[in-house]
Amino acid sequence: MFRILVSDSMSEEGLAPLRKSEQIEIVQKKVTEVEDRLHEFDALLVRSATKVTEELLQKMPNLKIVGRAGVGVDNIDIDAATRHGVVVINAPNGNTISTAEHTFAMMAALVRRIPQAHISVKSREWNRNAFVGNELYSKHLGIIGFGRIGSEVAKRARAFGMQVHVYDPFLTKERAEKLGVSVCTLDEVLALSDIITVHTPLTKETRGLLGEKNLAKTKKGVYLLNCARGGIIDEQALVKFLENGHVAGAALDVFEQEPPGDHPLLSFDNVIVTPHLGASTVEAQLNVAAQVSEEVLQFLEGKPVTSSINLPTLSKDVYAKIQSFYNLAKKMGIVASQYMNIPVQEITVTYAGTVADLETTYITRSLLAGFLKPRVASTVNEVNAAMVAKERGITFGEKFSDETHGYANCISLTVYGENKVFTIKGTHIPNYGDRIVHFDGFSIDFAPEGYLLYIQHQDKPGMIGKVGNVLGSHDVNIATMQVGRQQVGGKAIMMLTLDKPLDDEILEKLTEIEDIEAAKKLEV
Ligand SMILES: NC(=O)C1=CN([C@@H]2O[C@H](COP(=O)(O)OP(=O)(O)OC[C@H]3O[C@@H](n4cnc5c(N)ncnc54)[C@H](O)[C@@H]3O)[C@@H](O)[C@H]2O)C=CC1
Ligand SMILES: O=C(O)CCC(=O)C(=O)O
């Protein structure tokens with residue numbers, strides 16, 4: 001059973017695909033209500049209220065995936081999730097339109113003072129002179145952060161006849177031109193705009209982006225909006241600029257602390273607020289819940305997730321192409337790690353032939369995860385493999401080559417230990433399977449699967465019989481056997497697949513056979 005904890009409120013209809021699966025149990029409770037059961041859950045679905053911290057992750061050792069039904073993942077400690085090997089996904093598109101519409105509604109409400117007028121009329125007043133506003137038409141709108149939501153806000157602003165100036169360090173001129181907005185520096189946006197709205201994520205760079213220094217560069221009488229993340233507009237600086245009358249008004253959907261409590265900003269008549277409602281529409285909530293449900297189902301079926309924050313994202317088509325190599329690489333990593341059971345400093349993966357044209361980052365992560373698995377007690381998978389390798393002082397790199405050794409594709413792994421360098425090469429043959437074609441200097445051909453027994457010996461008649469005798473006398477059946485040698489009468493290897501795991505005493509007996517130099521168990 002795959003157990004999912006849904007700890008924030010989510011659209012029932014969006015969760016329906018998960019409910020249909022007989023392999024899934026869904027528990028809809030806050031984290032604090034299931035403290036004693038946290039270790040049982042495989043997946044955790046959240047919005048912004050649940051904080052996914054290191055402490056929580058430690059209490060959820062079975063957790064494999066966190067789904068954020070929304071865009072911002074600032075409530076999730078991504079580094080900690082990565083360290084724990086937990087995949088983090090979000091639903092990046094589902095609430096774009098709702099948040100853009102909310103921003104626009106806030107903008108109109110702000111300049112026309114609709115909330116203030118509403119309260120006045122409800123208080124049985126009729127004061128038409130007190131609520132004279134401004135038109136949006138022909139005003140200069142500054143948009144900071146021109147991603148999904150910023151660009152939807154721009155489209156609506158253009159329809160209202162506004163002139164739109166955009167600052168986004170990652171925006172290309174072509175994209176801006178297509179949407180009819182002018183690309184500016186931050187200082188230009190600050191100086192030109194009558195209204196400024198922020199639509200960036202909250203990062204080191206954007207925290208306090210509109211602080212005292214930058215607010216001083218804005219026009220006197222500017223209106224400000226934040227429907228992105230609390231803290232992009234510095235709240236203390238905003239208080240100061242409202243007090244001195246430089247800022248004419250602000251519309252805030254988000255706060256540095258949510259709920260903001262008795263915050264000084266709430267005392268200003270020209271500050272209008274909503275309780276983080278940007279994404280709170282039936283449509284957006286259905287979209288984001290359906291998106292994360294779909295992704296969790298994909299994950300459960302072992303298929304790629306397309307909106308992962310801590311894994312390279314892959315389309316289904318790309319995944320279908322790399323899947324065989326992904327599996328081969330993992331097995332090669334496992335075999336290499338057991339064979340080189342000594343400290344290693346460096347791993348190099350070389351791709352040749354058809355595999356070299358694919359998304360190799362993912363394949364390398366799989367190989368690394370396979371390599372680290374036999375060495376690491378905690379969870380290691382493609383999410384945290386690079387981090388775990390770094391923690392253990394293992395560097396890794398990818399290379400590309402034309403040398404396929406006659407195969408259509410070839411993955412070559414070289415592991416550098418203190419006094420030994422080991423190379424293993426593998427290929428995937430469609431409709432046949434994974435084959436190891438080179439092992440520590442020997443050409444060979446075996447499937448990296450099951451209980452493997454590696455034997456290094458002198459190339460002499462009767463060696464196979466001697467090994468067979470020892471195994472047979474201990475009731476160990478040999479499924480396959482492959483041999484390889486460098487030259488007649490020189491060093492040779494055997495790779496056997498056994499039907500059951502080998503006891504250490506039998507391994508010991510094999511090493512006692514004359515002319516056998518080494519014997520190792522490898523298990524894939
Ligand atoms: N109020 C609400 O309920 C909601 C809030 N949000 C928030 O809205 C924000 C925007 O979301 P999306 O448009 O979906 O994200 P997005 O990732 O599509 O766009 C963000 C844009 O900000 C730009 N950016 C990054 N650093 C910047 C910097 N230093 N200066 C200027 N631009 C910078 C990026 O290049 C990108 O184009 C996020 O903070 C998100 O969490 C999203 C949905 C609902
Ligand atoms: O879940 C929500 O309502 C908040 C949405 C949000 O802020 C986001 O998607 O970034």
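For ligands, and for the atoms within them, numbers begin at 1 and follow the listed sequence.
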>> So that I can tick it off, tell me whether E135 and K139 are bridged by a salt bridge, with the cut-off set at under 4.0 angstrom between side-chain N and carboxylate O.
In response: no
> What protein heavy atom sits nearest atom 4 (C) of ligand 1, and how far off is it?
Replying inline: T99 CG2, 3.7 Å
>> Test of understanding: given a 4.0 Å heavy-atom threshold, classify the contact between A228 and ligand 1 as side chain, backbone, both, or neither.
In response: both
> Which atoms of ligand 2 have any heavy atom of G72 under 4.0 Å away?
Replying inline: 8 (C), 9 (O), 10 (O)
> Looking at A279, which atoms of ligand 2 are within less than 4.0 Å of one of its heavy atoms?
Replying inline: 3 (O), 5 (C)
> Do the side-chain N and O atoms of T274 and H102 include a donor-acceptor pair separated by under 3.5 angstrom?
Replying inline: yes
> Of all the non-hydrogen atoms in the protein, which one sits nearest to atom 35 (O) of ligand 1, and at what distance?
Replying inline: D168 OD1, 2.8 Å
> In terms of atom number and element, which parts of ligand 2 are under 4.0 angstrom from non-hydrogen atoms of G70?
Replying inline: 9 (O)
>> Please list the nearest protein heavy atom to atom 19 (O) of ligand 1 with its residue and the distance rounded to 0.1 Å.
In response: G147 CA, 3.3 Å
>> Please classify the D253 to ligand 1 contact at 4.0 Å (heavy-atom distances, strictly less than): side chain, backbone, both or neither.
In response: side chain
> Can a salt bridge be assigned to the pair K64 and D42 using a cut-off of 4.0 Å between side-chain N and carboxylate O?
Replying inline: yes
>> Using a 3.5 Å cut-off on N or O atoms only, is F170 in polar contact with ligand 1?
In response: no
> Between I149 and ligand 1, which part of the residue brings a heavy atom under 4.0 Å of the ligand: side chain, backbone, both or neither?
Replying inline: both
>> Taking the side chain as everything from C-beta on, heavy atoms only, tell me whether I144 gets closer than 4.5 Å to V189.
In response: yes
> Mind checking whether T96 has a heavy atom under 4.0 Å from ligand 1?
Replying inline: no
>> Give me the residue, atom name and distance of the protein heavy atom closest to atom 6 (C) of ligand 2.
In response: R68 NH2, 3.2 Å
>> Please confirm whether T203 approaches ligand 1 to less than 4.0 Å, judged on its heavy atoms.
In response: no
> Considering only protein heavy atoms, which is closest to atom 33 (C) of ligand 1, and at what distance to one decimal place?
Replying inline: T200 CG2, 3.5 Å
> What protein heavy atom sits nearest atom 10 (C) of ligand 1, and how far off is it?
Replying inline: H199 O, 3.4 Å
> For residues 346-356, which residue pairs qualify under side-chain hydrogen bond (donor to acceptor under 3.5 Å, both in side chains), counting only residues two or more places apart or in two chains?
Replying inline: Y351-T364
>> Given 3.5 Å as the limit, does a donor-acceptor pair link the side chain of E25 with the main chain of M1, or not?
In response: no
> Among protein heavy atoms, which lies nearest atom 7 (O) of ligand 2, and at what distance?
Replying inline: H276 NE2, 2.7 Å
> Heavy-atom contact under 4.0 Å between G70 and ligand 1?
Replying inline: no
> In the protein, which heavy atom is nearest to atom 9 (O) of ligand 2, and how far is it?
Replying inline: V71 N, 2.5 Å
>> Judged on heavy-atom distance to atom 29 (N) of ligand 1, which of T206, L186, L171, V153 sits nearest?
In response: T206
>> Students should be able to answer this: which protein heavy-atom is nearest to atom 1 (O) of ligand 2, and at what distance?
In response: R47 NE, 2.9 Å
> Hey, is ligand 1 close enough to P92 that some N/O pair sits below 3.5 Å?
Replying inline: no
> Looking at Y362 versus Y326, is the centre-to-centre ring distance below 6.0 Å?
Replying inline: yes
>> I'd like to know if R229 and E256 make a salt bridge, using a cut-off of under 4.0 Å between side-chain N and carboxylate O.
In response: no
> What residue and atom, counting heavy atoms only, is the protein's closest point to atom 15 (O) of ligand 1, and at what distance?
Replying inline: R148 NH2, 3.5 Å
>> Under the rule for ring pair (Phe, Tyr, Trp, His ring centres under 6.0 Å), what residues qualify as partners of F41, not counting sequence neighbours?
In response: none
> Out of curiosity, L210 CG to F241 CZ, how far, rounded to the nearest 0.5 Å?
Replying inline: 10.5 Å
